[in-house]
**Q** 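The structure follows.
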Amino acid sequence: MAAYSTLREHLTGWSGQDALRLAVADTILHLADAGIEMARIIAQGPLAGEMAAHRAGHGSGDMQKELDFVTNKIVTDALRKSPAAWMGSEEDEEAQALNAGAPLAVNVDPLDGSSNIDTNVSIGTIFSIMPAAGPAPLLQPGRNQLAAGYIIYGPQTAIVLTLGEGTHIFWLAPGTDDFLLASRNVQIPLATREYAVNASNFRYWDDPMKAYITDCMLGAGGPRNTSFNMRWIGSLVADTFRILTRGGIFLYPGDGRKGYTSGRLRLLYEASPIAMIVEQAGGACITGTERVLDVVPSALHQRVPLIFGSKTEVEEAGRCYSEARSPTGGAALFSQRCV
Ligand code: FDP
């Protein structure tokens, strides 16, 4: 195997003697250890027990599964050992006070993509690390993040990480506890012909979103003069990984369903960390009308419309909003199919 730096070596080089960076590095290493433990449980599938079974009650309001509960405990234990004063988790209704006086505040989604647990599709743990500053340290805009990343449990286990100096991928070497830096400075291609959206919601979308997707669907004969492909894994970490690898655009807008005015995804432990990862990889991330990293949060579990990926394509979707566009003729056909 080529000589790759380990995650620990990379973090040691990055942090030097800077106290805040040392705290961030320590926290990431504890989360990486937690990721190894979770990867081993997930790799067992049903042999580890009924991990996709539903449990009662849930912090963010979404349905909780057994593996959500197990991973939340593992991540909480890891953060208790870290220099984190506060933790916000998708699985806990309220913020948790951890180590008083510690310098960091960490938001986590211990298990993203949990509707895929029993389908053998990649799932992951997303984290966002901020300074424990201000009256509500967990409720900071994403631009204040010191580091963001996610651990993906798939055919390969890997950590996608940004420390604000590019986005890197560290791969877990099988049979070891070492994450190795084999993908440095990942770059999302500027342009793409591939979009990711849950198209079954078309009839609930606003006009700009309908206009954007309709134009993609009209293909080479439509206003974009381009044939598009579509992919939707339905697991944010997996869809993001594909976009980091070969480009694309991901869209989960607000829609007309009850509770979906601001979409489905959560600002603090999904959209903000993904936005930092994507921007650091040369991509863009917006709500439709605003840069996601500039959204000022007001609640731990708040949702946000999310559009990210290849820069020129995200700008195209943004133009549909700034110009308040309406769908062209093709939309009528598609709406009829949806009813
Ligand atoms: P899940 O509910 O399985 O945890 O954040 C939640 C999420 O998955 C994302 O990973 C995924 O992108 C999205 O929801 C899928 O939503 P839809 O089922 O509405 O397509």
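Atoms within a ligand are numbered from 1 in the order they appear, just like the ligands themselves. Each residue takes its place number in the sequence, starting with 1.
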**Q** Sort out for me which residue in Val304, Leu236, Ile274 forms a side-chain contact (heavy atoms from CB on, under 4.5 Å) with Leu265.
**A**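 It is Leu236, the one option of Val304, Leu236, Ile274 that forms the side-chain contact (heavy atoms from CB on, under 4.5 Å) with Leu265.
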**Q** Only pairs at least two apart or in different chains count here, so list each side chain to side chain donor-acceptor pair (under 3.5 Å) that has a residue in residues 147-162.
**A**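 Checked against side chain to side chain donor-acceptor pair (under 3.5 Å) - neighbours excluded - the pairs reaching residues 147-162 are Thr125-Tyr153.
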**Q** For ligand 1, would you mind listing the residues that have at least one heavy atom less than 4.0 Å away, ordered by chain and number?
**A**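 Under the 4.0 Å cut-off, ligand 1 touches Asp112, Gly113, Ser114, Ser115, Asn198, Trp232, Gly234, Ser235, Leu236, Tyr252, Arg264, Leu265, Glu270.
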**Q** Please identify each residue that fulfils ring pair (Phe, Tyr, Trp, His ring centres under 6.0 Å) with Phe170, with sequence neighbours left out.
**A**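 By the ring pair (Phe, Tyr, Trp, His ring centres under 6.0 Å) rule, Phe170 matches His10.
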**Q** Testing Leu306, Val314, Ile213 one by one against Leu251 for a side-chain contact (heavy atoms from CB on, under 4.5 Å), which residue passes?
**A**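 It is Ile213, the one option of Leu306, Val314, Ile213 that forms the side-chain contact (heavy atoms from CB on, under 4.5 Å) with Leu251.
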**Q** I'd like to know if Asp77 and Lys73 make a salt bridge, using a cut-off of under 4.0 Å between side-chain N and carboxylate O.
**A**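 Lys73 and Asp77: salt-bridged.
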**Q** For residues 133-142, which side-chain donor-acceptor pairs fall under 3.5 Å, sequence neighbours excluded?
**A**
residue : atom : partner : partner atom : Å
Gln140  : OE1  : Asn144  : ND2          : 3.0
Gln140  : NE2  : Pro131  : O            : 2.8
Gln140  : NE2  : Pro137  : O            : 2.8

